[in-house]
Every structure is written in C-alpha cells, then in structure tokens.
Amino acid sequence: MTASTTTPDSPADLTDALKQYFGYDSFRPGQRQIVAAALAGRDQLVVMPTGGGKSLCFQLPALLQPGLVIVVSPLIALMHDQVTALKANGIAATYLNSSLEFEQIRRRERAVQAGQVKLLYVAPERLLSEGFLRFLDDLAADNRLVSFAIDEAHCVSEWGHDFRPDYRQLGGLRDRYPGLPFMALTATATERVRQDIIMQLRLREPHCHVASFNRHNLYYEVREKRGDRQAYNELLALLEQNQGATIIYRFSRKRVEQLTEKLTTDGFEALPYHAGLPAATRTEHQERFIRDDARIIVATIAFGMGINKPDVRLVVHYDLPRSLESYYQESGRAGRDSDPAHCLLFFGSGDIRNIQYLIDQKSDPDEQRIASQQLRQVTDYAEGTNCRRQIQLGYFGEAFPGGCDNCDNCRYPKPLEDWTIAAQKFLSCVARVRERFGTAHIINILRGSKERQVLERRHHELSTYNIGRDRSVNEWRLLARTLLHQGLVSETNDGYRVLKLNAYSWEILRKQRQVMVAVPQQQAVVTAQPDELSAEERELFDRLRDLRKSLAQEQGVPPYVIFHDANLREMAARRPQTDAQFMAISGVGNRKREQYGEPFMDMIRDFCTERGLEADRSTPAPPPHQRASDRLPSTTAKQTLALYRRGLSPSEIATERGYRRATIMTHLAELLSKGEDIDLDDLIEPARRQEIEAAIAHLDYPKHLSAVFQYLDGRFTYEEIRLVYAAPPPSSTRRRK
Ligand code: ADP
Ligand code: ZN
C-alpha cells in the first residue's frame with residue numbers, strides 16, 4: 001500500500017498521523033521537532049538513548065512525503081526487525097542485504113522502482129556498491145528520493161565503540177546527492193563522537209537534537225558480590241519475583257556456560273550466548289529470547305548490539321562491566337518500551353582483580369592506562385553513595401541534580417559512619433609490617449588469625465595483632481576498599497597489590513583526618529513493578545499475552561510486533577469492546593485495529609462474561625505511575641458507596657443505577673480493598689466466608705483469584721472470592737503478600 005502523501009501543516013496533523021500509523025497519542029520529547037525539521041528538508045543529528053524513539057523520527061516523515069527514504073543500518077537482524085514492525089503497522093517498507101537471494105533482491109528493487117515502497121533499509125556495503133548507486137541515481141533523476149537516514153551513525157567514528165570502515169565512506173553520498181537531506185541517528189553519549197559524525201557525514205548546519213540520557217524507567221541497583229553462592233541466591237530470588245525477560249551479562253564464555261547450567265538445573269528457561277557458540281546456535285538462542293520462548297539469556301558482551309526487544313525487564317551484570325559507558329549501553333537494553341525495568345550490578349572485589357590482571361597483560365601502556373581508568377570509574381560508580389543517575393549522567397557530561405528516587409542510593413541511602421579509629425588501626429598495621437603486605441594479610445593480623453603466614457613471620461607479636469576483633473572480615477574489607485577508593489592509602493601496581501601509606505594515610509594516623517565509610521544496609525529486595533494491575537486485571541493481561549504469543553507464532557513475528565506489554569496492560573485495565581474504544585488504546589493504529597481488534601476484544605468479552613465483570617471501563621485507566629499511589633475508589637464505585645450507605649442492597653443499587661448486580665459487587669470489592677467500611681456479613685454467609693478465607697490463607701494470598709477458585713473446586717463464585725480477597729484479613733497477624 002502507499003501511504004498518504006499530503007504534507008501536514010499544523011501540529012494537530014502530525015499528531016493525527018502519529019496515531020493513525022503508529023497508534024501513539026503523543027510524541028516523545030524531541031520527536032515532533034525532528035519530524036518537522038525533516039519535512040522542512042534539513043540535515044539533522046539525532047542523539048537519543050536506546051529506547052528513546054529514534055526510528056519514528058525518520059519513519060513518520062517518510063510516510064508524509066512523496067517518494068522513498070533510504071535507511072542505512074549496519075545490522076541485518078535489526079533491519080529485519082524494523083521492517084517487520086513497520087509492516088505490522090501496514091507501512092510499505094523493505095530491506096536489501098546479503099542475507100537475500102538474488103531473485104528476492106530483484107523483486108524488491110522492482111517494487112521500489114514501481115513506487116510501492118516508502119522506506120528502504122540497506123546495509124552500507126550494498127549502498128556503496130556501484131550497481132546500487134546507479135539504481136539510486138535513476139530514482140534520484142526521477143525526483144523519487146526523499147532523504148537518507150543513517151542509523152547507528154557513531155559507526156563512522158573511530159572514537160566510538162563500533163567503528164565500521166564502510167560507514168566512513170557514506171560521506172561520499174553527500175557529493176553524489178547534494179540536494180537530499182541527511183539524518184544521522186545514534187545513541188552515542190560522548191561529545192567527541194557526535195562532532196565526528198557531523199564532520200564525517202558532512203552534515204550542513206544540522207538541526208541537532210541531543211536528548212537527555214536519563215532513562216527514567218530504569219531502577220539502578222548495585223549489590224555486593226561476596227561470594228558465588230550469595231550472589232546466586234539473590235539472583236534466584238530476583239528471577240522469581242521479576243517475571244519478565246532477563247539478560248544476565250557475564251565476563252567470560254566459561255562463566256556464561258556455568259551459570260546457564262545452574263539456572264537450567266534450577267528450573268529456569270535460560271540460554272547461553274557467546275562468541276564461542278556456532279553462529280546458527282547463537283541466532284537460534286537470540287531468536288528464542290526475542291520470541292519469549294526462553295525468558296533468560298546469559299551472555300557475554302557479544303550479545304546485545306542489534307537486539308531490538310523492547311520488553312526486557314531485568315538486566316543483571318553478574319560480573320563487573322568494563323567501562324561505565326558499556327555499562328550504560330548494556331543495562332540500557334532494559335525497558336526500551338518505557339515500562340519500569342531493573343538494572344542490577346553485582347560488584348565483587350574478585351572481579352576487580354580479574355580485570356586488573358587482564359589490564360596488566362596489555363603491552364601498550366596507553367591502553368593500560370585507559371583501561372585502568374575505566375575500571376576505576378566502574379568501581380567509583382559501584383561504591384558510590386550518590387544517586388546512581390547522577391554518577392552515570394555526570395560521566396556523559398550531563399548535569400543531573402540527584403535524588404532520582406529510582407536507584408538504590410536514593411531509596412535506601414547508606415548512612416555514613418565515622419570509622420576513623422578503625423582506619424588508624426588498619427593503617428598502623430600497614431606501617432608495622434613495613435608496607436610489604438596486602439589487605440588480606442593485614443586483616444588476618446588485626447583479627448588475630450593463627451594462619452601460618454602470620455605465625456611464621458612472627459606477626460602475632462606485633463602490637464596491632466588481634467586489636468581488630470570487634471569488626472568482621474567483611475567490615476575490614478569494606479574499610480580497606482573505602483580507604484583505597486578515597487585515595488587514603490595506596491597500593492602497588494605490580495600485581496601483588498601491596499599496601500603503601502601515603503600523605504593522607506599519615507594525616508589519619510596523626511588524627512588530622514577523619515574517615516567516613518558508607519555502610520551498606522540490609523536492603524529490601526526491590527523489583528520493577530511494571531504495573532499496579534489488580535489481581536483480576538493481571539489475569540486478563542496474562543491471557544492477552546498468551547493470545548499475542550499464539551498469534552505471533554502463527555504469523556512468524558516476534559510478539560512485541562503485535563502489541564507491547566504496556567498496550568496489553570491498558571487493554572486489561574480498560575477492557576475495550578468497540579472499535580473506537582480499541583483505537584483509544586495506546587499502540588493501536590488503524591492497521592492493528594483491523595488486524596487484531598476482533599481476537600483481542602473477543603477474549604476480553606469472554607473474560608468479562610466469565611467473571612461477571614463490566615466491560616469497557618470508560619473512565620480511562622490512569623497511567624501506571626499514578627495508579628501506584630492511587631488509593632481512592634473510582635468515581636463509579638463512589639456512587640455505589642453512597643447508595644450502599646443509604647442502606648440499599650446490592651440488587652437495589654443495581655436497579656437504581658441501571659447496572660447489573662455483578663457490576664455492583666465488583667464496586668463493593670473495590671471499596672473493600674480501598675479500606676471503605678463495608679460489612680462483609682451483609683454480602684456473604686459467614687460460613688462460606690470462612691471457608692474462602694481459609695483457602696486464601698492456605699494458598700498464601702495467591703496472585704490470581706483463579707487459584708482460589710480451583711482450590712475450592714468451583715463451589716464458590718468469583719464474586720464471593722473477590723469480596724473476601726478484597727476484605728482486610730480477619731486477624732491482623734496475617735499480611736498480604
Ligand atoms: P531507539 O531506536 O531510539 O532505541 P525505538 O525507535 O526502537 O528506539 O523506539 C523505542 C520504543 O518506543 C519502540 O517500541 C517504539 O515503538 C516506542 N515509541 C517510539 N515513539 C513513541 C511514542 N511517541 N509514543 C509511544 N511509544 C513510542
Ligand atoms: Zn538516584
């Protein structure tokens with residue numbers, strides 16, 4: 001199909017087009033201006049973090065202008081994904097790359113010549129081939145080329161992390177097609193690379209949009225890795241709580257294999273991904289992960305570039321990342337759909353040693369220096385007590401005031417304690433052994449260890465022997481790290497890590513300097529809570545997800561191409577029953593309504609009938625972040641409450657309000673759950689109530705009502721179960737999970 005080609009001239013037109021083609025109600029920051037500048041034919045540099053919504057910036061203008069937009073993209077998988085997603089929205093897009101047969105290429109080129117394509121994705125090496133350039137020349141001569149969009153534009157820069165020589169030659173296109181605008185897009189955070197892009201691609205007075213690199217929806221957390229077992233147990237707990245797609249990064253192939261095996265033994269669907277696997281296996285694993293066939297992928301950093309999965313809910317760095325920039329990019333693969341997601345870094349001193357060892361092996365001193373500095377920045381981040389966002393964004397030169405309330409340091413600030421006396425003990429012990437030993441040995445002496453190394457060297461005779469029993473080994477390690485980290489003691493770089501006193505150390509020993517240590521607290525386990533759906537809504541959501549998965553399988557596309565989780569969640573909350581209501585859901589454009597409206601609305605209708613629920617809750621669900629704090633009953637429930645207070649029975653309220661009785665009962669359940677004073681005995685026989693209560697307690701407050709329903713062999717209605725579930729527990733000792 002060919003898209004409409006009228007040029008929009010008012011902001012409302014752009015918004016309409018956005019809804020019509022992509023199903024979104026509003027632009028993300030910057031998108032509107034970028035689209036407008038594209039329509040005005042300007043060169044542009046678009047810098048947005050992963051998930052910021054870059055694709056739309058060239059896709060929408062392509063639909064609003066006559067002719068063809070050429071999209072340069074380095075990654076075959078990504079190309080394929082984007083084209084699939086566009087087609088799902090009924091947009092004429094196609095791609096050309098080396099994965100295609102000659103015949104397929106010919107067919108696609110003919111479609112382009114026939115004007116049937118709005119967006120053509122090409123790999124740079126094809127784009128620059130003489131044959132293809134001639135093909136473009138013909139189109140250009142006919143005035144059928146609109147513009148070039150260069151995705152992943154940082155590949156032109158040697159300063160970036162993914163330099164591709166092919167990209168370097170793209171600048172030549174500028175001379176060949178001087179009249180056509182270029183849009184360069186990247187998620188690169190560094191200024192130097194941005195300047196390089198402008199220069200290499202010869203952008204002319206480009207409209208530059210640099211978005212904030214703050215990813216609001218990501219919860220950043222760092223935990224100490226004290227040992228393999230502790231970290232693994234914490235990981236398991238997290239995986240049990242967070243049910244979403246998960247990437248776990250590890251340092252080496254061997255570690256990837258080990259962890260995958262362990263997780264599989266423990267009953268998780270986990271797949272390995274690293275450069276040591278055959279290409280076919282890698283592709284298969286990646287594919288299964290993208291299609292929600294396997295929830296967890298355990299990978300080296302070989303994994304990730306070109307992964308377009310928007311609904312990754314958890315990214316765990318089980319080992320230390322190499323630099324803060326790579327941490328930002330890798331953890332940034334979480335939550336591209338803007339729903340809450342969790343980024344966890346396990347920080348172990350063993351890892352520091354491993355990386356340091358590798359750094360020490362490097363022969364080039366410059367490389368060594370840079371790598372050491374990067375390692376230090378990572379440890380700074382991990383040990384930092386400031387807002388994690390402030391540290392990360394600061395690293396990219398973006399000022400952020402802190403207090404984000406969405407990182408561990410903001411939510412659970414670590415108290416600073418004065419450990420000056422302990423530091424004096426530690427440092428004087430370093431002095432007593434004449435600065436010839438490392439941390440472990442010092443701690444052994446302080447804690448009065450009878451280790452051979454201590455006794456043989458007669459270190460048990462030192463005055464500092466056994467003066468540190470008041471602190472645990474871990475506390476001493478924490479202190480040692482803090483001292484090193486704050487530069488209050490030094491260590492040798494020869495691989496032995498011998499502790500040396502420096503000027504600051506002496507100030508501490510002379511009582512001229514205080515030592516403050518940020519003491520980690522026992523943390524509540526936080527998981528990203530993507531939503532505040534009620535138990536029932538969640539159940540519907542799960543069914544819609546299943547439907548999405550089976551449709552996706554039938555059509556051979558990834559599930560997210562059909563709808564994102566957030567779209568399904570909105571459906572579960574609003575239960576649309578007409579085309580108009582369905583269109584009101586974010587992510588539903590014309591094409592999706594035509595293609596999927598029926599199956600999804602059918603499923604919703606069936607669910608409502610089964611549960612005696614009101615379909616179409618015309619009061620729109622507030623966005624998830626508001627729902628969390630929304631503890632007030634809905635307006636319609638409040639109207640029911642008013643009548644209930646006047647002494648009307650549920651049936652009478654139903655008659656009065658023109659609703660079904662079942663609907664009124666859901667209002668009453670809602671009111672109960674919001675703490676309104678409703679007498680349950682009016683609504684359900686005490687004996688039945690007790691039986692349901694017992695079942696709920698027995699099942700330990702299950703997430704889904706259906707568990708209770710099944711447990712009770714269907715002898716009770718959902719209506720009854722819902723009421724009892726919503727009511728406060730009978731004894732205050734029991735708490736809801
Ligand atoms: P990037 O290429 O910058 O990493 P994408 O273009 O893949 O990001 O967009 C990330 C996600 O955000 C996609 O799932 C996309 O559909 C969605 N998205 C983009 N623009 C909007 C918008 N205006 N409203 C809602 N969702 C959007
Ligand atoms: Zn913070």
Side-chain angles (χ1 to χ4, degrees), residues 14-15 17-19 21-35 46-60 71 73 75 78-79 81-86 88-89 91 149-154 183 185-188 209-222 304-312 329 332-339 341 343 381 384-394 400-414 526 558-567 570 585-589 592 623:
L14 283 185
T15 312
L18 179 69
K19 178 67 192 168
Y21 291 116
F22 296 97
Y24 300 132
D25 296 319
S26 56
F27 285 100
R28 295 252 181 91
Q31 283 178 332
R32 176 191 290 283
Q33 293 83 330
I34 295 163
V35 170
V46 175
V47 185
M48 284 185 182
T50 305
K54 285 186 285 298
S55 336
L56 202 133
C57 297
F58 57 83
Q59 290 170 348
L60 189 57
V71 186
S73 171
L75 298 154
L78 210 69
M79 230 182 247
D81 280 2
Q82 288 214 359
V83 168
T84 310
L86 283 165
N89 277 320
I91 294 164
I150 319 272
D151 210 357
E152 314 285 348
H154 56 273
M183 184 188 295
L185 304 105
T186 178
T188 303
H209 178 85
V210 180
S212 164
F213 271 66
N214 184 6
R215 303 276 312 275
H216 301 268
N217 57 320
L218 302 186
Y219 177 76
Y220 293 108
E221 184 187 5
V222 179
M305 256 305 255
I307 298 305
N308 205 4
K309 191 172 173 51
D311 51 3
V312 174
Q329 302 290 359
R333 291 178 183 132
R336 291 176 74 142
D337 55 8
S338 298
D339 272 4
C343 306
Y381 171 76
T385 50
N386 294 353
C387 172
R388 306 268 180 217
R389 282 190 158 66
Q390 190 175 37
I391 306 175
Q392 287 192 16
L393 295 172
F400 182 79
C404 74
D405 198 35
N406 202 18
C407 75
D408 53 352
N409 283 345
C410 285
R411 280 206 208 155
Y412 311 98
K414 296 187 187 83
V526 188
Y560 66 78
V561 166
I562 298 184
F563 288 121
H564 284 181
D565 285 359
N567 313 143
E570 202 181 327
I585 303 286
S586 174
V588 181
K592 296 233 167 130

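All values below come from the heavy atoms of this structure, side chains included, with hydrogens, waters and symmetry mates left out. In listed order, ligands and their atoms are each counted from 1.
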Criterion side-chain contact (heavy atoms from CB on, under 4.5 Å) against Asn406, the qualifying member of His216, Arg411, Arg388: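 In the set His216, Arg411, Arg388, the residue that makes a side-chain contact (heavy atoms from CB on, under 4.5 Å) with Asn406 is Arg411.
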Value rounded to 0.5 Å, distance of CZ in Arg336 from NZ in Lys309: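 Answer rounded to 0.5 Å: 11.5 Å.
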Ligand 1 versus Ser338: contacting region, heavy-atom distance under 4.0 Å: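 It is neither; nothing of Ser338 touches ligand 1.
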Can you list the atoms of ligand 1 that are under 4.0 Å from a heavy atom of [X]?
X: Leu56; answer: 20 (N)
X: Thr50; answer: 4 (O)
X: Ser55; answer: 2 (O), 5 (P), 6 (O), 7 (O)
X: Phe27; answer: 23 (N)

Side-chain donor-acceptor contact under 3.5 Å, Arg32 with Ser26: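 No, Ser26 and Arg32 have no side-chain donor paired with an acceptor closer than 3.5 Å.
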Using modelled atom types and a 3.5 Å cut-off, is there a donor and acceptor pairing between side-chain atoms of [X] and backbone atoms of [Y]?
X: Lys592; Y: Gly587; result: no
X: Asn89; Y: Phe22; result: no
X: Arg389; Y: Gly403; result: no

Minimum side-chain heavy-atom gap Tyr24-Lys19 below 4.5 Å: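 Of all side-chain heavy-atom pairs linking Lys19 with Tyr24, none is under 4.5 Å.
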Side chain to side chain, Leu86 and Gln59, heavy atoms closer than 4.5 Å: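 Yes, at least one pair of side-chain atoms sits under 4.5 Å.
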Is [X] in polar range of ligand 1, meaning some N or O pair under 3.5 Å apart?
X: Gly53; answer: yes
X: Gly51; answer: yes
X: Asp337; answer: no

Identity of the nearest option to atom 22 (C) of ligand 1, non-hydrogen atoms only, from Tyr24, Phe58, Phe22: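 The nearest heavy atom belongs to Tyr24.
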Glu152, His564, Arg28, Met48: member with heavy atom nearest to atom 18 (N) of ligand 1: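 Selected option, by shortest heavy-atom distance: Arg28.
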Three-point angle Cys404:SG, the Zn ion (ligand 2), Cys387:SG, rounded to the nearest 10°: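 Approximately 110° at the metal, rounded to tens of degrees.
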Three-point angle Cys410:SG, the Zn ion (ligand 2), Cys407:SG, rounded to the nearest 10°: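 It comes to 100°.
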